[in-house]
Number of protein chains: 2
Amino acid sequence: MMKNILKQLRKAGYRLTKPRKQVLEVLTFYPQSVTDIVTLLKKKQAKVDRATVYRTLQVLVELGVVGKTKFNDQTTMFELLSDDHHHHLVCTDCGAVEDICLDETLLINQVNKQTKFKVKSHTLEFFGLCTHCQ
Amino acid sequence: MMKNILKQLRKAGYRLTKPRKQVLEVLTFYPQSVTDIVTLLKKKQAKVDRATVYRTLQVLVELGVVGKTKFNDQTTMFELLSDDHHHHLVCTDCGAVEDICLDETLLINQVNKQTKFKVKSHTLEFFGLCTHCQ
DNA sequence: TTAGATGCAAAAGATTTGCATTATG
DNA sequence: CATAATGCAAATCTTTTGCATCTAA
């Protein structure tokens, strides 16, 4: 998995530095804030500057390896992207995040029918109550 | 329209102050950043402090009169909500925003079928190229 | 060896908050 | 007239940037 990402980085002309590997080590398939990531790095004794974390995430998002999502409050979240294109169910009570796979072709079709706008990407998040909190 | 909002404010126990009315005057049905709003207010000679703009927007969002959206970059956007529940087509080239009305019941149904999560709200934005920029 | 990457510190934004003052109801 | 709301300034937080130093290739 991560091996693969490292290859992609190289292919794109980026160096495989220690900080970059360390950031990749703490990234997950669920969304984390920059602060989450920095905290995890500290816990692992990995001394990576916050600015470097930002720079690394920027590169990874560019490569399409990491997704950048905004939740309803303020926070920007980052997560590793798997092959399955999924969305989030965010609990507004406890903050838990569930993944869900949806078929959006119907939606995209609606857009194409209504306008000439060329859709390249989209964001879709759901907010509500998880099983625990309802 | 705005009369109606003022009534809602009153009913909720808020005072109809000059700053609140002035903010409402510059709000639109398309998304604007706080800076946009502050600039418009200045143009109109309305002296409303940035902090007051934030506080007012917070109240209006709470009342469900104003929608708060995040676009892909960084900026938080605010817009008056009309009765029609619509979504945005954001041009990644020129920044233009089109509205579009979609029927998401199919989507919500998919969610309900797959999980016990209780969906209260959702966000859905599309990014791509407008007719001009493609 | 050398250009790209990092750390650090400072800058730039965005948002929030405390408090004395103002003005709505 | 009581108190909710405002303006102002300061405090926080998030993200970006300049630059000297370091390091992967």
Side-chain angles (χ1 to χ4, degrees), chain A residues 2-3 5-26 31-42 44-63 65-78, chain B residues 2-3 5-26 31-42 44-63 65-78:
Chain A
M2 179 168 149
K3 289 268 163 68
I5 298 183
L6 295 180
K7 257 185 213 160
Q8 282 189 65
L9 273 170
R10 276 275 62 223
K11 210 171 63 184
Y14 293 104
R15 293 187 178 174
L16 305 185
T17 64
K18 205 168 170 187
R20 283 184 181 147
K21 288 179 194 163
Q22 290 175 316
V23 169
L24 275 170
E25 271 173 25
V26 301
Q32 298 181 111
S33 69
V34 170
T35 302
D36 292 339
I37 293 166
V38 168
T39 306
L40 282 178
L41 286 168
K42 269 203 190 113
K44 282 195 129 192
Q45 323 279 335
K47 288 204 295 153
V48 184
D49 192 78
R50 203 183 186 81
T52 303
V53 172
Y54 275 105
R55 289 190 272 231
T56 300
L57 288 171
Q58 193 176 302
V59 167
L60 293 173
V61 169
E62 221 164 70
L63 287 183
V65 165
V66 160
K68 183 176 180 177
T69 313
K70 306 249 164 46
F71 283 176
N72 244 357
D73 50 332
Q74 286 321 322
T75 33
T76 311
M77 309 294 263
F78 296 88
Chain B
M2 180 168 150
K3 289 267 163 66
I5 298 183
L6 295 179
K7 256 184 212 159
Q8 282 190 63
L9 273 170
R10 277 274 63 224
K11 210 172 63 184
Y14 293 104
R15 293 185 180 176
L16 303 186
T17 65
K18 205 167 169 187
R20 280 184 183 147
K21 288 177 196 165
Q22 289 174 316
V23 168
L24 274 170
E25 271 172 25
V26 301
Q32 298 182 111
S33 69
V34 171
T35 302
D36 291 340
I37 294 165
V38 169
T39 305
L40 282 179
L41 286 169
K42 270 203 190 113
K44 283 195 128 193
Q45 322 278 335
K47 287 204 298 153
V48 184
D49 192 77
R50 203 181 187 83
T52 303
V53 172
Y54 275 105
R55 288 190 272 232
T56 300
L57 288 171
Q58 193 174 303
V59 168
L60 294 174
V61 169
E62 223 163 69
L63 288 184
V65 166
V66 160
K68 184 177 179 178
T69 313
K70 305 252 164 45
F71 285 174
N72 245 355
D73 50 332
Q74 286 323 319
T75 33
T76 311
M77 309 294 263
F78 297 88

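To find a chain, count down the sequence lines: A is the first, B the second, and so on, and within it residues start at 1.
- At least one side-chain nitrogen or oxygen of Thr17(A) sits closer than 4.0 Å to the OP1 or OP2 atom of dT6(C).
- Rounded to whole Å, the distance from OH on Tyr14(B) to P on dT24(C) is 18 Å.
- Across the protein-nucleic acid pair, Lys21(A) atom NZ and dA25(D) atom C1' stand 12 Å apart, rounded to whole Å.
- Proximity of a side-chain donor or acceptor of Arg20(A) to a complementary backbone N or O of Leu24(A) within less than 3.5 Å is not detected.
- In this structure, the CZ atom of Arg50(B) is 17 Å from the P atom of dA10(D), given to the nearest Å.
- Atoms CD and OG1, on Gln32(B) and Thr69(B) in that order, are 12.0 Å from each other to the nearest 0.5 Å.
- Put simply, the side chain of Gln22(A) does not reach to within 4.5 Å of the side chain of Thr56(A), judged on heavy atoms.
- Between Asp49(B) atom CG and dG18(C) atom P the separation is 16 Å, expressed in whole Å.
- In this structure, Lys18(B) reaches neither bases nor backbone, as no heavy-atom distance under 4.0 Å exists between it and the strands shown.
- Distance, Arg55(A) CZ to dT23(D) P: 15 Å, rounded to whole Å.
- The separation between Arg20(B) atom CZ and dA4(D) atom P is 11 Å, rounded to whole Å.
- Considering only side-chain N and O atoms, Thr76(A) lies nowhere under 4.0 angstrom from the phosphate OP1 or OP2 of dT14(D).
- If you check dG7(C), dT3(D), dT6(D) against the side chain of Pro19(B), the one that comes closest is dT6(D).
- In the set dG25(C), dT6(D), dC8(D), dC8(D) carries the atom at the smallest distance from any side-chain atom of Ala51(B).
- For the pair Leu41(B) CG and dG7(D) C1', the computed distance is 14 Å after rounding to whole Å.
- Residue whose closest nucleotide on DNA chain C sits further toward the 5' end, between Arg10(B) and Thr35(B): Thr35(B).
- In this structure, CG on Leu6(B) lies 13.0 Å from NZ on Lys11(B), to the nearest 0.5 angstrom.
- Per the geometry, CD belonging to Gln58(B) stands 18 Å off P belonging to dA14(C), to the nearest Å.
- Distance check: Lys42(A) NZ to Thr39(A) OG1 gives 6.5 Å after rounding to the nearest 0.5 Å.
- Look at Tyr54(B) and you'll find a side-chain N or O under 4.0 angstrom from OP1 or OP2 of dT15(C).
- In the set dT15(D), dA9(C), dT6(D), dT15(D) carries the atom at the smallest distance from any side-chain atom of Val34(A).
- Residue Thr52(B) has no polar side-chain atom (N or O) positioned under 4.0 Å from OP1 or OP2 of dT6(D).
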